[in-house]
Every structure is written in C-alpha cells, then in structure tokens.
Amino acid sequence: MATPQEHIEEIRRKKFSIGGEVNPLTEELHLTVKMLSAELYAKDAHFLMELIQNAEDNAYPSRVDPSLEFVITSRDITCTGAEATLLMFNNEKGFSPPNINSICSVAKSTKKGNRKRGYIGEKGIGFKSVFLITSRPYIFSNGYQIRFSEDPCPYCNLGYVVPEWVAENPKLSEIQQIYGSGSTLPTTTLILPLKADKVNAVKQQLSSVQPEVLLFLTKIKRLSVREHNENPKLNTVSAIAITSETNFVKRKNIDAESSTLHLAAQGDKFDCECSYYMWKQMFPVNEENKVERRMEVDEWVITLAFPFGERLKRGATSPGIYAFLPTEMVTNFPFVMQADFLLSSSRETILFDDKWNKGILDHVPYAFVNALTTLVKLTDDAPLSSLPPMFSFLPVTSSPFPELNAVREKIKAKLVEENIIPSQSYLKQKFFHKPCEVGRLMPAFWNILEKAKEQGVNFNNLSSHGICVLSSSFDKPEYDQVLNFLGVVQVSNDWYGRCIQSSDLVMGVSEDVYLELLLFLADNWSSKFSCTGMKNIPLIKYMDLDGKVALCSLSDNNQRVVCISCHDSWLIDCNREFQGVANYFFMPQSTHIAIRLCSKKDTLLDWMKVRVMVVKVSEYAAVLNNKLNGDRKLAVAYAHFLYHSYSNSYLSDEEVASLCSVMPLVDNYGQSNKRWNKILVPANGSKWEELMLSNPWTHEGYIELGGDYLRPGNFAGQTATGVQLLTFLRSHVQASDIPHITPPNAGIPALSSPLTKQNAFLLLDWIRRLRISGIGIPQRFLICIKEGSWLRVTMNGSSSFRPPGQSFYLNDSLGKILQNGSVLVDIPLLDSSFYGESILEYKDELKTIGVMFEYAEACSFIGKRLMSLAASSNLTKGTLFSILNFIKFLRENLLVLDSFVHSIKDGRWLKTSQGYMSPVGSILFCQEWKVASQISSIPFIDQDHYGVEILSFKTELQLLGVVVGFNGNYQLVAEHLQMPPSCPLTSEATLLVLACMCHYPKSADKFVQALQHLKCLKTDSGFKSPVESFLFDPEWGSLLQVFNGIPILDQNFYGSTILRWKAELKKLGVLVDFEEAVKAFAGLFKRRASTSSFSKDNVLSFLSCYRQLKKFSHRFPSDLRKCIREGKWLWTRLGSHQSPSECILFGPEWESIAPITVLPFIDDSDAHYGRAIHEYEKELKSIGVVIKLEDGVKFVADSLCFPSNPCRITRVNALSLLKCIRVLQEKGHSFPKSFFRTVSQKWLKTNAGTGYRSPDQCCLFDAEWKQYLKPTDGPFIDEIFYGSEISSFRNELNAIGVIVDVRKRCSLLANNLDSHSDLVTITRIIISLQNLSGKLMRKVTEGFGFQMVVRMDSGSILQNVLYMIKMIFSVHNCMF
C-alpha cells in the first residue's frame, strides 16, 4: 500500500500530468472548478457551513463525542505572510485515500447516493469553498500533509484541486501549541492562511456562529470558536462553545415521534440555554416530487423545533430553515423547520422552484397541525390558563418568502377547521370550538362584568347574545396576534348595548362601577358606539324639577344643559342679575362628588360634554360677555361682576386678565368698545392732561375711559365705589397715566420752551419709571427731551435755558475751578439753586437725557472746543501755551487729565522738524537723542519756533504723548531710520543700531537691509562691511589671530560692550559663531599648508589656540582635522616641512636611539620653535605627532643609520635598538630591507680577537656552556660590555641574525678554531664540541635511520681532534 506522500505524487502524475502524460480533461476540469467557485463567491460565510457539513458527514470512533473546533490566530505558522490564520480541528477517523481523491476533484463526492446512511453533503465542492477566504489551504490528517493553491499550478495550469506535499511550515509542534499543549491533537486539522481582505469578514462570521447550529445534527455534539493570541487583549473574535443533549422522548409511533432537546451555549458575553420541543414526522415521497439526486430516498423526514423560551441566537435574527445546518433564511416563524432540502451551491437558501422541496413544503402544514394538536388537546390535566402559551408557536407573522407564506396560509387553513379554541365556562368541563365560533370582549368590559357580578348582577345569559365568548384566560392582549391569525374577532358593538339593556348595569351598581361603565363607553365611543343604538339608551343621571334622579340619553333634544359648578349660589344670583341668560340643570350630589373624585374625570366630562357641562365662573363670564350686545349699562354691570368675582376669589389673576382683555369698555363719548388697544384714565384729574394738555396717543390705539366708571354701584347685593372700580381697571385693563404709561414716539411741544419746576420733576419721574421698568424711551421723544431748551443752567453767574445734552452738573468747587482754569471755554452748569437739592435724586435720569456729570466729560468738552479752533486754522504759539498752562493747572490741582488730553492729543497741531504733527509720536529734543538724530529723521518739536519756554512744559508735553527723554525708545529710531550719506558710523551710532535691533526685533530686517553691505564697521583691517567682519569671542577668538588678514571688530573702538550684541551682529551678517569662523580659518590653513608657508608664530599661535578650544569642547570639522593631520606644516630637523603624523617631538626617551638613526624630529632649536614647542606636547600628540619611543619604533626601523666607526655605538644605543625591535615584533610590524642592510654591518662587540662583528658572525653565550667553555673561546657577544641584560634579547638578536641555536653555534666555534693558538683553549673547545655535537650527531644519525657512535682514545688526542673536526663538519654539511 502506498504511503500518503506516494499517493499524492501518483495523483499529481496521473491526474494532473505533472511529470507524466498529458491529461486531455485538464482544461475542462479547470473550467468546471472556476464555474462552481464563482457560484460560491456569493457570500463569505459559505465556507463555514461547508466545513461544518463535512464534519457532520465524517465517521467518528466509538465512545467519542464528535466535536468541531475553530481557532483563529495572528501567528503566521505557514510562513505565507498571512495576517491571520484559521485552524479547524475535528476528532473524526481521518482522511482516507478515497477522500483525498474526492477532494482533488469536482462533483465527485464520496457521499453521493448515501442519504439513507445519514450523509448531508453531496456536491463535492464543499471544501473548495475555503478558497473564498484563503489562497492556499492546508490539510493534516492520517499522515497526509498537503496543501492546495488558488493560482494555477505552473506544471499543469490548473488551480484549486492540485495537491502539493507539505514538508515544513506549518510544523506539528506549532499546531499543537495553538491547540493547547496539554490536549491531544485531533486526527484532522485544516490550516487556512486568510486573505488580507477576508480577515475581518471571517472574524465577523466566526463571531456570528448561531448557537442553534447543532439543533438538527445527529453526530456533532460540541462546536467551539475561539481566538488565539499571545496577548489576549488583542482578541476580537467573540468566543462560543455549544453543546447539545436529547433529554427524553415524549411520544413515539410509527409515523412520528416527539422529544425534548437541550442546547447550551457559553461565550465571552453570554451564557444561556434553551429547550426545544422536537416533532419529527415521516411522509412518503410522491412520485411527482422525486428528483435524480434523491432517487434512493423513499420518505421525507420533517422535523419541527418549538423553543420553550427565548431562542439561542447571536445577532438580531435567527435562521428558520435548516438542511441539517442553518441556511441564511429568516422565516419570521416562531418554530424551526428541518428537512432534506435541496440547496443552492452557497447554502444560503433552499431551491423553491425545485419539485423535491415543493413536496416537502406541502407536508409541513400537516406536521405542524399534528404537533400543535398534540400539545393542546392531549394534556388532559392542564388547566385552561396553561393552554394559551401553546398557541405562541403559530406563524402569525408573514415571511419575506412568498413560498413560505403559502405554507403559513395552509397552516392557518387547517387550524381554523379544528376545534381547538376554549370558550368561557364556569363549569369544570372544557369546551373547544372552531375559531369562527367564539368572540372576544374588550378587557375593560371584562373588569366591569366581574365587579358587577360581585355586586349581585346576574350574567348567566352572557353567551346568549348570538356568539360564544372566548375564555377570559385566552382573551388577553398578548394573544392578539394569535387570535387574529386564527380569525377570532370581537363581538359586535351592538352586543354591548344588548348586554347593558338586558341587565341592571346602570341603576343596580355603585357610583364607582357606574362611572367605570361610563368611562368604558367614553373611551370607545367614537370608535365603536357612536353609530350604534347606544346613544339612545338612557345613561346620564340628573336631578329633575321634583328633586328625583332621572336618566337621559345622549341623543335627547332638550335645550337644557346639565351642569356642574363649584359656586352654584353665586352664579344663580348673577344669572338673575343678568336676566337668566344661562338655563342649566345639575347632576345628583353623589354623582357630582364621585365625578370630582374620579381619577379620569376629564375623560368622562369630555365624553359627557354633549349633554353635561362643568361650569366655572370664568366660563360663565365668557358666556355673558357674548350676550351683552353693546348695551352700555350691561357693559358697566359686567365690570362690576368681574370686580366682585375677583374680590371673592372666584376668578384667578389669569382668568380675570383674560376676561378683561376682551371685555367691552365705555369711552368718554358713551360708546361701548370691544376693540381697543390701550387705555387712558379719564382726563378729569389726570397727570397726562397737566403735562401735555391734549392726548398724543390717539394714533396709537388708546381710548379714554368715560365718567361712568367713576360713579359708585350695587351688583348682586354687593357695592363698589368709583375709586375701587377705577383701581381695578388700572390693574387689569392697564388704564394708564403718567408716569405709568409708555411715551409716544413723537415730539412734545412743551419741551421746546422752559418747563416749570413741577413739570420738570414730573418728566424726570416719568423717565425714572421707564428706566426701572426696563422700557426703552422712543427715539423721537428722547431727541425732543435732549434737544429742547427747557433745562435751566448758569454760566459765569448768569442763568439761561439749554438742552440737557449741552449741560453739566458738577459740584460748585469743581465747576468754578474748570471755569477759572479754562480761559477759552465757558461751561453751562445745571442751576441747582433753582431746582433745589431734590434734583440730586435724579442723577441717573439726567444722565439718560444727556446731562454730563463727570469731570472727564467737562474736560473733553473743553478739548473738543479747542480742537474745533485748531480745525479752522493752526494753533498759534500763544494758544499752545494756553493749552499747556491749562494742563499744568489741572495737574497742580490734582485733577484727572485723561479726558482732556485724550480729546486733543491726536490732533495735528504741534509744529515739528517734519511739519505739523500730533503730540503722539513727536519728540522733545535733548542730548540723549543726539546719536539717534544721526541715523534717523525723527520729528523733533521745533524749538526755534516755540523757543526755550517749551522746555518748561516737559511734564505737560509728556502727558500729551510727546516723547521726553530717550528712555530706550528704540522703536522710534527704527521707524524713522535714515542712514547718513557718509559712512562709516560712529561707535555710538553702531551700538545704537544694535540696541534697536535687540529691543525692537521687528526692525531687524530694516537695519540689515540698510547696513549689510556698507563698509561701516571698524576692524583691525580697516572699515569693512558686516558680512566681511568677525566678532572676537573669548572662547575661540584666538583662532582668528593665528594668521594675519582676518578682519576682527575693533574692540578698542567699540569697547567691550560690543560683545553683548552678538545676536544682532549675526543678523547684520557679522561672523560671530565658531562654525563660521572655523570655515574661514580652514581656508587659510589649507592654503598655507599647501605652500608650506607656516611661520614659527603661526605654529605656536595655532597650538595655543588648539589648546584653548579643547577647554571649551569646540571641534574642528572633519576636512580641517584631516588637513591638520596630513598637511606639511611642521618644520623638522631634516630641513623640511612634514605632516604631524610624520614628525617626532624629541624627548629623553629618544636620546638613546637618536645617535644611530636619522629621525624627523620637530626642530626645537632656537632658530626655529625653540623649547616653547614642548609646552604643547599634548596638543601635538592629539594631532598625530609621535611623542613616545614605543609609538615611534616604526620610524626607527625606517631611519636606522649606524656611524662608520662602530665604537661610537654605545651599550645604551644597542640595547635601545633591541628594545625597538622587540616592540616592532610585538606589534607584528615587518622590517624594511634598508633595516636589514644596516644591521648586517659589523657593529656588535664580541670577545673574538677581531672585536666587532656582523650579527650573523656572532653568537649568544648560553649559561649551560659555562661547564665546557669560556666566553672568550669564540665570537660570543661581549656581555661585559653590554651587560647581563643582553641575554634577555635572545629573540630580538635572533631576528637580526645573531646565532642563538646550539647547532649553528657549534659550526661557528669549529670554524673559529684556527683563530686560537693556545692548545688548552683548542682542546677545551674540541671537548665541548664533542659533548655538544655528540648529542647533535646522535639526533642527526637517528634522523637518517642509523646510529653513529663516537669513541675517543685518550692515547691519541690529535687523531681524535681531527676525527671530531671531520665528524662535526660532515654532520653539519648533512644538516645544512
């Protein structure tokens, strides 16, 4: 049997021609898949139902509760770049090879023809629906690890169905981690990396999974949805877990069975459960309804689910039709239908036009009626009150689908023929009728019947009026829709009249029940009883002329009105006074009291108003008003009626105001007027007549009351005087008089001439009243008051009359001061001696009409008069000094000056150097302004014109706005900037310019434009423009002094204060920042370095500057730093300029090596830098100069130069050289050829007779040789001369050629034998060579594969010596 991977490869090869022969059906298969997938794209949710359907059809192991779990995660476990991935876990048996073959095909489901076995899927494209949300689905099951792609396969150009083996990504460990490390991974896992535009839709659908999804599934018992994120706060999918359980079977027979199913759902925001009454009934399939896809099915199984309580749902709606799984059809029915419907490819709807489905829908009404009848009738022990809830399952609401409405109508048609409706009965026996045989009563009438029955009224004949009455437990509003659906209607409206007439409901009950009956009729009169015989039934109680209770119907034609009133006796007397205009009858007292206490008396009275009227005094008064008919006496009597009714509190303020507003009034001509606007009191004794003589309000709708209202009168036994009646009319019809009347918008002739003192105060009282009341004074009336010459004033002791707007009220002392101080203007003061002290109480009123009280107003008055003189011609010098003297006078008298000054300071009357100007902006010249005058055209007061006397009024001029003294007034200088034609500027002028720019920043651009390119600044290089100049800065200014020619501002000329204006100088263009200065310096430095034209002073100055800049953390730019390090500007002892990195600063360390080298030391001789250069050791080091010998050993190797006489090379020189070689070796440096040429000379002192030898002719004496040799026996380095320290340089000596190896030493000793003549020495050397070279020889001979033994015969020394020499040389030759 092939492995899963081999099976996949076989499908790819044989079916899709990948690596095999071409399949001719490939293109046709491709088109088929595209067509079916296009149908699926109708809805994003399709994929979810298809996956649940597949899970339901799967086979499950025994003793396992089938479950299906959906998990969505933000982890990209497939490494496809997916924003989110959906995983489906199913504990089925797993995919088999036939399942794999089916999923790689279209319309070849393994479930076809297996409907009887419980399979609910059939299309063979269920899995393909996942392509709605993913481009690449993965399946892990029973060893299969495959994926599919939406894009055409590059090998066969076919998408959707070509499997591809998955070797990695995702890994099983990652899937396990998402599922839960503590749980066993289910057999089958689907991994769906979601398309970016489908993530939100999938999350929405997962969050909307209906809890009822398991309602009709027979296998899956648990379904869950959750989201997996490392941070749970990021979860957006609403989790849910659903379980189902069948509790017990109620009824079971051959064709049908009923049971109770329990569903429970838990989620993030809910935890609910619901039980369902399940009715399953089987019906044989009719031949005419059979279809090809269901040929093997012989009977329909229809299941109806009736929820006891609220259905489990998420969202606003729940599906009403299931084909094992929910469709998206909302039926609006209170029960759920399930059958083996044929569905569209998207599973959204059933196919209504399919005859198979039509046959199912035709049998649904039968199943429903059977289920409902079983619920209602077969519950024998249930009381009537428990039956109505069963009817809530009726499909009372229409469906949006016409085909389902047909089902609804068939259900209704069958039910109306069933005896299932209970009727009202006082017996134990239950009676059921067809819906058309019973009628309903209104709930309110049920209440009346119950109360009347308790009070002894008999209703045994309740159902004898033509129709049975519906059971009271069913006749409730909550069952309206059900009863309407079944066609149960109300009893006829005439039925109520027959019931009332046939019983003692009116006279046989209490007043409360009687009123409840009337309220029932009132509430339903217009809709039910107005057109019936109810209006002819005697229902209304009243007291007849004999004092007995009688009844009348609402349709009685008698003109008398039944009334109710709280003030019966008063209205009867009034009615007699008015000759019986009202003709009313009254209800019984008990009925009246019951009505008053009734909570719905308004409704009751409104219904009875055609026959019964509630009469108030105001309503009676309104009736009377319409009956007066212009009668003068009745009109005056009506005023008395209202007065007494109001006095006795029978009328409220609002009521009397309303009645008075329409009451007829008799005018001074004796006419009764019902149309009037405003009322004047009678002229006799009025104030308005005294002030105005005639009525000025005639054209504004006012009428003048007649004298009838001033006479006393008697009405209904009560009296009133004329004063009382007129006071009443003043209050309620606003009969007005001055000052309680609004003035006319017209001029008053009396105000054009002087008023008497009494009328003047009357006018002021009138104005006060208007002000307090918040009433505005009409414009023409106010102008007349302000401009009329009626107010008495005094001017310099003489009296006259002036308009209020030209008059002042000042205290005596202040008035005299102003008149004495102002020699040019007279001030009209209110004549307080004429009006007396009481005039002081009317200050607000006098201000309103224009009288001026304030000292400031007087000053302004004087100023305006003076400015009127200036407007006609320029003020003379004398007038000017009069103004200044007046200001001085006011100031010396401690009087406020603001108003006077404000009135004159803006006039252009002051002569200046720039013509006539206003005081504001003019300047009184003094020495402080001398510098400013050099650079501006400021308007100075013309002192030649006014003379020196003007200087004595500095304070007064300053008060007027003249600038006196400079006082930092930089703005004026800037605004009048005018540079002198000759440059340069003086130091004072320059500093003033900078101060202006600082203190008045807005002027900066103006100064910059004027000065930026003028050679106006003094520098150490002459006068320069700002853009050419530099400001010396204590921190880095020394940089500018390294080289000559940089123009620095002359601080001796400007003083140290110039440093305070750094920001302003920068705005002018002066280079003040280090960054700008260093750019200029860099240019000079580069030019000097390129020509090697640095002097001693330049170098020392630069190093000093460099040191100072380090203190302040100033850094050079990179290009300058590079130039400093690489430029040749330092003079050396070699007689040339070198860059710092090529120079050495001589020091004590270098003394030992200097004699044997030619090094580029900086020339510190007096002829050049001298000892001063050593003060800058740190600075030189930082720019690359070598200071320490250890850092400059490379120079030693390159510059080694031995003297011709080796005797001049001292021990210190040699050891220093060896130390340098050691450092070079440690640093890994290589030696130049020139170095080896130099060290190969004869310069090493040895013990040999020749003295100095080259390194390759010397050897280092080893301490272990002391037992054989003496240091003088060969060319050993003279340790006495060099000291014992020489032996520590073994490696360094070896590096320059000195022999340190034992083998080479023997050869050198042997070669050196002829230099000895002493036999003892020669013998010692030979013996040592024997001992040393014997070992060597043994090692050598061992290397050649033989052993050589050397023996010496003590008797033949010479022969042995010769033999040893030959042996050593032969061995030496063999080795080297």
Side-chain angles (χ1 to χ4, degrees), residues 561 563-582 584 596 602 605 609 613-668 671-682 686 697 701-737 740-742 769 773-775:
V561 179
C563 298
I564 301 174
S565 175
C566 295
H567 306 289
D568 295 338
S569 59
W570 167 247
L571 291 180
I572 291 172
D573 293 340
C574 293
N575 193 42
R576 185 184 305 112
E577 192 76 33
F578 286 104
Q579 304 170 8
V581 174
Y584 297 144
R596 280 193 326 200
D602 294 335
L605 293 174
K609 63 185 177 182
M613 179 180 292
V614 177
V615 178
K616 297 194 299 184
V617 174
S618 59
E619 294 170 342
Y620 180 75
V623 173
L624 287 177
N625 189 30
N626 293 326
K627 300 295 183 178
L628 298 180
N629 298 324
D631 187 292
R632 175 179 177 178
K633 290 184 179 180
L634 291 179
V636 175
Y638 187 73
H640 283 274
F641 163 67
L642 293 180
Y643 166 71
H644 291 297
S645 295
Y646 179 68
S647 299
N648 293 315
S649 300
Y650 300 152
L651 292 174
S652 65
D653 290 335
E654 292 79 7
E655 290 171 337
V656 76
S658 176
L659 292 168
C660 288
S661 65
V662 295
M663 67 182 293
L665 292 172
V666 178
D667 61 18
N668 55 330
Q671 300 293 326
S672 177
N673 295 276
K674 292 201 69 174
R675 295 183 179 179
W676 45 268
N677 186 10
K678 297 177 182 178
I679 307 299
L680 280 176
V681 298
S686 67
W697 292 279
Y702 279 84
I703 66 170
E704 180 184 342
L705 289 177
D708 293 341
Y709 296 100
L710 298 175
R711 302 187 187 96
N714 186 297
F715 179 82
Q718 299 189 27
T719 60
T721 65
V723 175
Q724 290 175 324
L725 187 60
L726 190 58
T727 301
F728 173 77
L729 293 175
R730 282 179 182 270
S731 300
H732 296 92
V733 298
Q734 284 75 48
S736 304
D737 194 4
H740 303 286
I741 189 172
T742 302
R769 183 68 181 180
S773 302
I775 300 173

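None of the values given here were measured: they were computed from a predicted structure. In this chain, residues are counted from 1 in sequence order.
- No donor-acceptor pair under 3.5 Å is formed between the side chain of S658 and the backbone N or O of E654.
- Of all heavy-atom pairs between V666 and Y709, the closest is N-OH, 2.9 Å.
- Using a 30° and 60° split on the angle between ring planes, H644 and F715 fall in the parallel class, below 30°.
- For the pair M663 and N625, the tightest heavy-atom approach, listed with the atom from each and the gap, is CA-OD1, 4.1 Å.
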(message) Determine whether F728 and C660 satisfy the following criterion, side-chain contact (heavy atoms from CB on, under 4.5 Å), listing intermediate values before the conclusion.
(response) CA-CA 10 Å; F728 173 77; C660 288; 4.0 Å; yes
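- Across all their heavy atoms, L624 and Y638 have their closest contact at CB-CE1, 4.0 Å.
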(request) Quick one: do Q718 and N648 satisfy side-chain contact (heavy atoms from CB on, under 4.5 Å)? Show the steps, please. (result) CA-CA 11 Å; Q718 299 189 27; N648 293 315; 3.4 Å; yes
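- Here the CG atom belonging to L665 is positioned 11.5 Å from the CG atom belonging to D708, to the nearest 0.5 angstrom.
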(message) Working note: H732 + L642, criterion side-chain contact (heavy atoms from CB on, under 4.5 Å); need CA distance, chi angles, decisive distance, verdict.
(response) CA-CA 10 Å; H732 296 92; L642 293 180; over 6 Å; no
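- To the nearest 0.5 angstrom, L705 atom CG is 9.5 Å from R730 atom CZ.
- Contact detail for L651 and Y646: the closest heavy-atom pair is O-CD1, 3.6 Å.
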(request) Please assess E655 against K616 for the test side-chain contact (heavy atoms from CB on, under 4.5 Å), listing each intermediate value before the final yes or no. (result) CA-CA 11 Å; E655 290 171 337; K616 297 194 299 184; 3.7 Å; yes
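- The OH atom of Y643 sits 8.5 Å away from atom OG1 of T727, with the distance rounded to the nearest 0.5 Å.
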